[in-house]
There are 4 protein chains.
Amino acid sequence: MTPTRVITAQVSDTGLVNERRAHIAQAAARVFRRKGFHNATIRDIAVEAGLSQGSLYNYVRTKDDILYLVHQDMTAAYARDVERALEDVTEPRARLHAAIAAFIHSMRERRADIALIYQETHALGEESRRAVLAQTQAFIQRFAQLIEEARAAGMALPGAGPLAADIVTFLPVMLSLRAWRLRDIMPGDAAEAELVGFLMRGLGIQDGV
Amino acid sequence: MTPTRVITAQVSDTGLVNERRAHIAQAAARVFRRKGFHNATIRDIAVEAGLSQGSLYNYVRTKDDILYLVHQDMTAAYARDVERALEDVTEPRARLHAAIAAFIHSMRERRADIALIYQETHALGEESRRAVLAQTQAFIQRFAQLIEEARAAGMALPGAGPLAADIVTFLPVMLSLRAWRLRDIMPGDAAEAELVGFLMRGLGIQDGV
Amino acid sequence: MTPTRVITAQVSDTGLVNERRAHIAQAAARVFRRKGFHNATIRDIAVEAGLSQGSLYNYVRTKDDILYLVHQDMTAAYARDVERALEDVTEPRARLHAAIAAFIHSMRERRADIALIYQETHALGEESRRAVLAQTQAFIQRFAQLIEEARAAGMALPGAGPLAADIVTFLPVMLSLRAWRLRDIMPGDAAEAELVGFLMRGLGIQDGV
Amino acid sequence: MTPTRVITAQVSDTGLVNERRAHIAQAAARVFRRKGFHNATIRDIAVEAGLSQGSLYNYVRTKDDILYLVHQDMTAAYARDVERALEDVTEPRARLHAAIAAFIHSMRERRADIALIYQETHALGEESRRAVLAQTQAFIQRFAQLIEEARAAGMALPGAGPLAADIVTFLPVMLSLRAWRLRDIMPGDAAEAELVGFLMRGLGIQDGV
DNA sequence: GATGAATGAGCCTTCATTCAT
DNA sequence: CATGAATGAAGGCTCATTCAT
């Protein structure tokens, strides 16, 4: 949510800076998906973004900055997917269910980006990594909150222990990190459904009650 | 199980080759854990292994070979952990339970190695990656088999769908990839216990029956 | 004539690229003459050219590219020598004579470069070699053409068989590849004269008729 | 003829040394023809010779030594071809003709070896190169001698100047260094015939008189 | 602010030669 | 004498970053 880390720029026009950075992050994401972070060069990214190398460095200080921008965007993206799914749902039990389903769906749709995150987070510099993990942490706690609210609304969640939010936000990542297997086993929506069911049972929810 | 990929060596003494390769893989793993694959240099690895750069290349042909050796060893390691846990257990339902618990424990104990695998598999060359994934696939199918046997022995597994083995072999990875969070939440064995419970419920197993 | 092979550059300014490449080729030629292609390092060449290694690679993609540039330049150089000698000569019989004499002279003057070509053409990559040989072939055919024109103009060339152009363009190479001997036998211009005479007689030309 | 350069060996049994060296030179020649001198490794040569690397170094001190042995053998080979052609010919004018024809034939048959010599002589160390050039020089002088004897026997050689022996021993090299062209122009024996004719006319010999 | 050429540190890999067994 | 593992010095090439224009 709140980007912890500040990237300093050569350019002073803040609006321009933000606009360009978003543009750079998107271009970089495309390149990273294609070649991975380590095989992507600054040149590649500049070309994809339609900028000169020199210009790029007016908005970003290091390659690490770019990776950070990409992480931030991607993390924000799936968080946004979940929030969007919650927009029209008010009943707490339904909200928890909707969030889980939305997250699962998001993981499958964004599997390429998610894989990138899980592969390259460790390549971030200390500071960047901390900022990204904080962002992820906030997302996990969002789920903890949803669980709490469902419970407060009377939902029986006998299976929801201290790790519940972590489990719920981790297992669906399988749709990305195990995509190489799932491809051959079953259609994606069936996989999503099975995961939803598994998580529900794991939390101890019987028939959505 | 059956290593698909063969690494050719300059040295002919097979015993020596195997011994040295194991040594190199261990040294490399230490370096990779410290700096990641891309930031680790062959020099680093040679020094850590107590070899000259030239000697290293008598046992390995490329840096990719080293990463492959590391992957293979680590994948074999947790598979071995599971097999060991099964050695004295014969009853199919107990075997499934034992395997799950052992795998979960292994993931926590080997969390550094597991993180390495999940971060760097994509850095493997095509052929190496295929070989490693085949090895992983075999491991997943081992669990599919255990589930099948438990079911054949009369165990009710209403939650075990086509993805059961994948889920069981993926969720515990959380103990590695989310180690940065768990550290602050609860002691490791409690986390293990919670995961075991979650998986059991997810599979639809009631109190171990 | 028409350079078959295209070298891609990192730098886009075409004028600069051409200028620098010419400069690099000359520097490289000096280094190659001194140490041979295989013993010359990119570092050597960069230093000789007054460039950094990195800069060098902005104009050239591989060491092979450099060798190709050198070959191309040198081949063009002696071809140009011959063309220049033909500029003011119109009578076909005189043109053939002028071309031969000019080529012989060029071989002696450029003996160091020619030796380089004959020693290192085989070190060129497949594509480069083909391009250079095509260039050489065009030069040989130029002589075939001159011979044809002389014959059409009524010159008796009883000795000019299918290999005539090859012979005429090969024998003078002796002034380069046997320079180690000629040095001790006779002055260069006398050697040139003897070769001219030999070729003339070989072609069956009597007293320049 | 007289090998100027002495190679010191680790092994004292002279007979064994000579035998092994001949063996090594032949194996090396095969490897060199296949990959060129610079791309051939000592390992390649040892394998081809059926020796261990260590053993090889008992008979030879450096890679340069090997190249020297190969040069010496190859140079001796075509010289021997010429001598053999002279064995049954006594008449001086016929001897000159036979020598030229034999040399031309040898150049075509041994074109791969000859190309190797012309490409790699410059890779020889100072001392080795001098020894090889001395050997070549002796061969050239053999031709000078044959020319002299033919002249003494009454042969008119108006075209034979100071370079005659050099020309006669150089032009036929064309069959090797221009093999890439001749392949497409005419059959090898026709090429040989044309060269014989050309040299004869060049020397001023009319119809073998 | 934009551009893109320049830079230099560093990496993977090869290989002739040595030497302990 | 034979073996073959060990070595270390290079070498070609890449690329993030800088900086003059």
Side-chain angles (χ1 to χ4, degrees), chain A residues 9-13 16-17 20 38-47 50-67, chain B residues 9-13 16-17 20 38-46 50-66, chain C residues 9-13 16-17 20 38-46 50-66, chain D residues 9-13 16-17 20 38-47 50-67:
Chain A
Q10 296 281 10
V11 174
S12 47
D13 179 339
L16 182 57
V17 168
R20 283 275 216 281
H38 279 100
N39 292 320
T41 69
I42 291 284
R43 204 185 221 100
D44 292 333
I45 298 169
V47 167
L51 290 169
S52 68
Q53 282 189 75
S55 277
L56 201 158
Y57 271 91
N58 280 338
Y59 300 99
V60 134
R61 257 178 32 280
T62 66
K63 198 185 174 190
D64 180 72
D65 281 353
I66 300 178
L67 184 56
Chain B
Q10 296 280 19
V11 171
S12 49
D13 179 337
L16 183 57
V17 167
R20 283 275 213 283
H38 279 101
N39 292 320
T41 70
I42 289 285
R43 211 180 222 95
D44 292 335
I45 297 169
L51 291 170
S52 69
Q53 274 191 81
S55 276
L56 189 65
Y57 274 92
N58 279 342
Y59 299 98
V60 133
R61 257 181 32 277
T62 65
K63 198 185 173 190
D64 180 72
D65 280 352
I66 301 179
Chain C
Q10 295 280 17
V11 170
S12 48
D13 180 336
L16 182 58
V17 167
R20 284 275 213 283
H38 279 102
N39 292 320
T41 70
I42 289 285
R43 269 169 190 89
D44 292 333
I45 298 169
L51 291 170
S52 68
Q53 271 190 82
S55 277
L56 188 65
Y57 275 94
N58 279 342
Y59 299 98
V60 134
R61 255 177 36 277
T62 64
K63 199 185 174 191
D64 179 72
D65 280 352
I66 300 178
Chain D
Q10 296 280 11
V11 174
S12 46
D13 179 338
L16 182 58
V17 167
R20 283 277 215 279
H38 280 101
N39 291 320
T41 69
I42 290 283
R43 202 184 225 101
D44 292 333
I45 297 169
V47 168
L51 289 170
S52 68
Q53 281 189 77
S55 276
L56 201 157
Y57 272 91
N58 280 336
Y59 300 100
V60 134
R61 257 179 32 284
T62 66
K63 198 184 173 190
D64 180 73
D65 280 352
I66 300 178
L67 184 57

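In what follows, every chain begins at residue 1, and chains take the letters A, B, ... in the order their sequences are listed.
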[atom1] of [X] versus [atom2] of [N]: gap in Å, rounded?
X       : N      : atom1 : atom2 : answer
C:Leu56 : F:dG11 : CG    : P     : 15 Å
C:Leu16 : F:dT21 : CG    : P     : 14 Å
D:Arg61 : E:dT18 : CZ    : C1'   : 14 Å
B:Ile45 : E:dC12 : CD1   : C1'   : 11 Å
C:Gln10 : F:dC13 : CD    : C1'   : 11 Å
C:Ile66 : F:dG11 : CD1   : C1'   : 13 Å
A:Asp64 : F:dC15 : CG    : C1'   : 16 Å
C:Lys63 : E:dT14 : NZ    : P     : 16 Å

Does [X] place a side-chain N or O at less than 4.0 Å from the phosphate oxygens OP1/OP2 of [N]?
X       : N      : answer
D:Tyr57 : F:dA2  : no
D:Tyr59 : F:dC1  : no
A:Thr41 : F:dC15 : no
B:Arg43 : F:dA9  : no
B:Thr62 : E:dC12 : no
C:Ser55 : E:dA5  : no

Report task. Among F:dA2, E:dT3, E:dT17, find the nucleotide with the atom closest to the side chain of A:Asn58. Result -> E:dT3

Report summary line: Per atom distances to the B:Arg20 side chain, the nearest of F:dA6, E:dT17, E:dA6 is F:dA6

Requested in this report: Hey, which sits more toward the 5' end of DNA chain F by its nearest nucleotide, C:Gly54 or B:Ser52?
Outcome: B:Ser52

Query raised in the report: With no hydrogens and no angle check, is any side-chain donor or acceptor of A:Asp65 less than 3.5 Å from a backbone partner on A:Arg61?
Result: yes

Report summary line: Annotated structure of DNA chain E as dot-bracket, pair cut-off 3.5 Å, Watson-Crick or G-U only, | for inter-strand, is .||||||||||||||||||||

Query raised in the report: Just checking D:Ile42: base, sugar-phosphate only, or nothing, at a heavy-atom cut-off of under 4.0 Å?
Result: base

**Report entry** Sugar-phosphate only, base, or nothing, as touched by A:Ala40 at under 4.0 Å among non-hydrogen atoms
**Finding:** sugar-phosphate

Just how far is it from atom [atom1] of [X] to atom [atom2] of [Y], taken to the nearest 0.5 Å?
X       : Y       : atom1 : atom2 : result
A:Asp44 : A:Asn39 : CG    : CG    : 9.5 Å
C:Ile45 : C:Ile66 : CD1   : CD1   : 4.0 Å
B:Ser52 : B:Arg43 : OG    : CZ    : 11.0 Å

Query raised in the report: Among side-chain atoms of B:Ser55 and B:Asn58, is any donor-acceptor pair under 3.5 angstrom?
Result: no

Report task. Test B:Leu51 against B:Arg20 for side-chain contact (heavy atoms from CB on, under 4.5 Å), laying out the working first. Result -> CA-CA 10 Å; B:Leu51 291 170; B:Arg20 283 275 213 283; 3.8 Å; yes

Query - D:Val17 versus D:Tyr59, closest heavy-atom pair with distance - result: CA-CD2, 3.9 Å

Query raised in the report: Per the atom types in the model, does the base of E:dC12 pair as donor or acceptor with the side chain of B:Gln53 at under 3.5 Å?
Result: no

Report summary line: Residue pair A:Leu51/D:Asn39 against DNA chain E: nearer the 5' end by closest nucleotide is A:Leu51

Requested in this report: Please name all residues satisfying side-chain hydrogen bond (donor to acceptor under 3.5 Å, both in side chains) with D:Thr62, sequence neighbours left out, ordered by chain then number.
Outcome: none

